[in-house]
Amino acid sequence: MTATPGATPTIVLVGHGMVGQRFLEALAERGLTATHRVVVLCEEPRPAYDRVQLTSYFSGKTPEELSMTDMEFIKDHGIELYVGDPAETIDRDARKVTARSGLVVDYDVLVLATGSYPFVPPVPGKDAEGCFVYRTIEDLLAIEAYAKARATTGAVVGGGLLGLEAAGALKGLGLTSHIVEFAPRLMPVQVDEGGGAALLRTIEEMGLSVHTGVGTQEIVTDASGAVTGMKLSDGSELAADLVVFSAGVRPRDQLARESGLTVGERGGIAVDEQCRTVSDPHVFAIGECALAADGRVYGLVAPGYEQAETAAATIAADETEQLSFTGADLSTKLKLLGVDVASFGDAHGTAEDCLDVVYSDSRSGLYKKLVIGRDGTLLGGILIGDADAYGTLRALTGSVPPISPESLVLPAGAGGGAQLGPSALPDEAVICSCHNVTKGTIRGAVTEHSCTTVPEVKKCTKAGTGCGSCVKILGQLVTAELEASGVEVDKGLCGCFSQTREELYEIVLALRINTYQDMLDRYGRDGARGGDGCDVCKPAVASIIASLAPTIGASGYVLDGEQAALQETNDHFLANLQKNGSYSVVPRIPGGEITPEGLIVIGEIARDFGLYTKITGGQRIDMFGARVEQLPLIWARLVDAGFESGHAYGKSLRTVKSCVGQTWCRYGVQDSVRMAIDLELRYRGLRSPHKLKSAVSGCARECAEAQSKDFGIIATSNGWNLYVGGNGGATPRHADLLAQDLDDAGLIRLIDRFLMFYIRTADRLERTSTWLERIPGGLDHVRDVVVEDSLGICEELESLMTAHVANYADEWATTINDPEKLARFVSFVNAPDTPDPVVGFVPERDQIKPDLPLLTIGHRPLEGSAQR
Amino acid sequence: MTLALETTDLKVQLQLGEDWFTVCDLSLLVPGRGVAALLPDGRQVALFRDRAGELYAVDNRDPFSGAAVLSRGLTGSVQGRPFVASPLLKQRFDLRSGQCLDDDTVSVATYEVRAAG
Ligand code: SRM
Ligand SMILES: Cc1cc2nc3c(=O)[nH]c(=O)nc-3n(C[C@H](O)[C@H](O)[C@H](O)COP(=O)(O)OP(=O)(O)OC[C@H]3O[C@@H](n4cnc5c(N)ncnc54)[C@H](O)[C@@H]3O)c2cc1C
Ligand code: SF4
Ligand code: FES
């Protein structure tokens, strides 16, 4: 730098929140950090973090992971960042800011990015112990501590976006949760009446109590001053020992007010289209504290980012880049408590003469509305329960969609569900509204900046790095663009095979290839033939060979010959590896039905081997803490008592859960337990691309949760309804109805076909849910193939399954009768009698747990590596 | 099989200092699958044999989890580098150098190993 320090112009930023941080990045991009001294006053005890993802703290994100501030960036650009030191006064005449610590900074340009504060309604008792707001990491830490120490019931005041998030968080902390909303419906700002009703039903089903149309009148406390409940405007009283106020936010304009800057009637620092305050050309305001030139205060991060760019461009006085902020889109998409909720454009249909297209299915919590102008222009919409189309629809807003609006909202299977891919969008369509990135820019990243993967495009364009709701459509665009520009998108399974899993399956089946080596040497990529393969294709090919074993003349026993070397450790030891190197053992308990004798045997074995026992989520019993050399001894006792392997370790059928059904239950209409047992015994041991789960419920009350399973069966008075493609886990999906009122034989025939078709065409580690979403034609196609036999393969699918069923043998029994295999079940090849000393246990709650100090963990696991 | 006679006589040996420590019969090493050996000083070694018959030995402790399980991982090769993938969290380790292929800062010890009559 050539200028003397005193002469370097100074930019002072007050507030280091999301928008403040973005402003610093915008300054750096324009080279202003090199020509200016940049001072940041940050009130919170930590630099900027991702407030939008705040709630993910409760699902395990640490404050460090939420951070948006790269300290290298701050250092490299010479930014002076004062953490925990808020600005207290501004002297606009002298152009000085004074911070709480006494620090005084002279400024040439002052930028206020002080955000909002949560509004707490002035009800008596609002400051009682146990009352919180939901805005900062510190708020969350305090809520968590209080909830753990002394609360069982929580109430959230406010049923808006943040209120629902907060209520979900309280529920996650184990509290019984209530939501109190003054308006007649949830999320009154974003959704209309119909959407609110769909949302209400779904949220109540999750066990949250919703009280709409009532206000909070008073917070009730006990003698010590701690919250015990609240009085509501309808005269009722709600017990709660923790209250979170989430009744909206107000701009933090106090500092500006005190320094004589103009603020709006309802708050917000008044600025012009360049984000300069209307009162002082040296002062800017951006983000949630600003009252924009269009008379609105924006409570979302995307408009704030746009303001940050505008202010930085104005300060740079860049002639070529005259940005202005004249207003922004209020589209939002979020997953609230696992429910998709999205609204975009003119969601409430305020435009003159506009028309609605509405699809609503309260049974599955779906509500979709599109607002269409007279000329067919898409003006906006609301999507509840399934917001997959959000990316495309938002980008189409303002234009006439190329296909009819009805087909955009109807679900697949209901005669609609037209797939409108991103190719239908114009280049100017905004794909990522957080960062205002258009389709054209994304295409440019591929064609001009040679990005070939989504992470590269994210880095290059910033698209997808905000709320994340556009990542799906981003992926589709990148693939489409790569394909269009002739770049071969390698769909091969791994570095060893250029074929997809489906193609490998067809090769194995058609040519009856029954060893991995043969596959690799004949069909591997050039460099891979004759080699050792890798950890991706070995288990994948092993699984294909196992699924087809009797048909292709392979042994169905996964430890036979070469197959032993292809299995993941779990399949290789026929048990599940635990964190300290010990294993867990899960015997099959078909349908969850077990005799008292069976329970006693399991109890005795666990006691004799010192195992930890737990009832699993799959209606059976898991015994943990077995050393390798104990496994065959445990199996021998189990097999002796009539048990067999439950395949808890395999990518194969896990459990078929059942409800008690007609035999005992007063509502049951079929014998769900018998059907569950039949199905579990039929499909046991079936190796598949991923694990398979099932359940059978005895009536529509669905106590077995069949609709969350890969194949789920619900009894009707006429027979059975078959649902497919359900999933629990991280991305839950409700199963789709495949066929109705089937008799026993019809049901089994259809499941045979469905499973074999899935095994044939799915990718590796693809559950039926993702498979159904991915394959062209989706559910309709699958129904055509397995019900209508449109491909003429049903006979083959059925005979493949028949062969599997006939060939089944229990892997545990086979192994304990094979001395050569048994020799592998030792900790040390040279000391078969010595147990692994790293496997140690300490007591916990009358049982054992792994001794962690023995493991002394030194490194963090690779992100996402367990998925590989 | 005619090969069996020749191989059963061969022993897998690890170099410890000046000496060669005999672990087991070569025939116990299934290509592509590992075994663990306990050294006199309490250390654990994971031994592997690839399809071409080459032998490898690395420390058995998975540095990411602390558990002694590397011998139970799947093996393979990537760009000519033979590796074992930890069965716990799937990080891969180069069997020749011990270097973790998924994290530059991590590696495991390696041992000289041979098959001898
Ligand atoms: C033991 C058990 C938890 C428990 O204590 O209850 C369990 C334990 C494991 N689950 Fe699970 N899951 C168990 C029921 C479930 C359920 C509930 C159910 O089946 O009704 C689910 C949700 C339903 C579903 O799968 O759709 C479930 C969803 C998962 C997922 C997420 C799958 C997904 O598609 O998103 C994984 C991860 C994966 O498979 O990639 C997983 C993975 C695992 C693994 C295998 C993780 C691992 O690799 O070590 C755990 C090892 C088990 C072990 O070591 O024995 N587990 N897991 C349950 C065993 C049930 C059984 O009897 O077989
Ligand atoms: C739980 C939650 C979920 C949300 N989800 C979404 C979402 O899905 N999508 C979306 O678009 N938006 C969402 N938002 C809103 C979004 O977080 C805000 O729009 C965004 O953070 C605004 O950025 P900002 O920089 O203006 O304000 P903030 O991020 O609040 O930053 C302002 C900072 O200024 C500091 N400050 C205030 N006064 C002073 C002073 N005198 N001196 C120094 N520092 C000061 C404050 O302490 C704060 O750190 C969510 C908010 C919350 C709380
Ligand atoms: S699903 Fe129906 S039959 Fe089964 S237990 Fe529940 S109410 Fe009874
Ligand atoms: S729309 Fe939020 S990250 Fe793209």
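All chains are named by letter (A, B, ...) in the order of the sequence lines, taking the proteins before the strands, and each is independently numbered beginning at 1. Side chains included, hydrogens not; waters and symmetry mates left out as well; all remaining heavy atoms used.
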What part of [X] gets within 4.5 angstrom of chain A, counting heavy atoms only: side chain, backbone, both, or neither?
X	value
B:L38	both
B:V35	side chain
B:F48	neither
B:P31	backbone

| said: At a heavy-atom distance under 4.5 Å, which candidate from A:A823, A:G530, A:C496, A:A528 has the highest pair count against chain B? | reply: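 Counting heavy-atom pairs under 4.5 Å, the top option is A:G530.
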
| Based on non-hydrogen pairs under 4.5 Å, which of A:P850, A:A564, A:G495 is most in contact with chain B? |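 Winner by heavy-atom pair count: A:A564.
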
| Contact leader toward chain A among B:G80, B:A37, B:P82, B:G32, where contacts are heavy-atom pairs under 4.5 Å |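 So the answer, after comparing B:G80, B:A37, B:P82, B:G32, is B:A37.
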
| message | Heavy-atom pairs under 4.5 Å with chain A - which of B:V69, B:D62, B:D50, B:N60 has more of them than the others? | response |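 Maximum pair count with chain A is reached by B:D50.
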
Which atoms form the tightest heavy-atom contact between [X] and [Y], and what is the distance?
X	Y	result
A:S827	B:A36	O-CB, 3.4 Å
B:R33	A:Q567	NH1-O, 2.8 Å
B:L74	A:P539	CD1-CG, 3.6 Å
A:D836	B:A68	OD2-CB, 3.7 Å
B:G76	A:K538	N-NZ, 4.3 Å
B:L88	A:K579	CD1-O, 3.7 Å

Using a cut-off of 6.0 Å, state whether more than 12 heavy atoms not belonging to [X] lie near its atom [atom1].
X	atom1	result
B:E112	CD	no
B:Q79	CD	no
A:K459	NZ	no

| request: Indicate yes or no: does A:E562 engage B:R51 in a salt bridge with an N to O separation below 4.0 Å. | output: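 Looking at A:E562 and B:R51, the cut-off is not met.
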
| Given a strict heavy-atom distance threshold of 4.5 Å, which part of A:T834 is in contact with chain B: side chain, backbone, both, or neither? |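 Looking at A:T834, just its side chain touches chain B.
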
| field | Region of A:V628 in contact with chain B, defined by heavy-atom distances below 4.5 Å | value |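 For A:V628, the contact with chain B is made by the side chain alone.
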
| message | Nearest 0.5 Å, please: how far is CZ in A:F828 from SG in B:C24? | response |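 Here the rounded value is 13.5 Å.
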
| Check against side-chain contact (heavy atoms from CB on, under 4.5 Å), A:L577 and B:R72 | CA-CA 10 Å; A:L577 180 63; B:R72 301 184 206 152; 3.8 Å; yes

| task | Show the numbers, then the answer: is there a side-chain contact (heavy atoms from CB on, under 4.5 Å) between B:T75 and A:D532? | result | CA-CA 8 Å; B:T75 60; A:D532 284 286; 5.7 Å; no

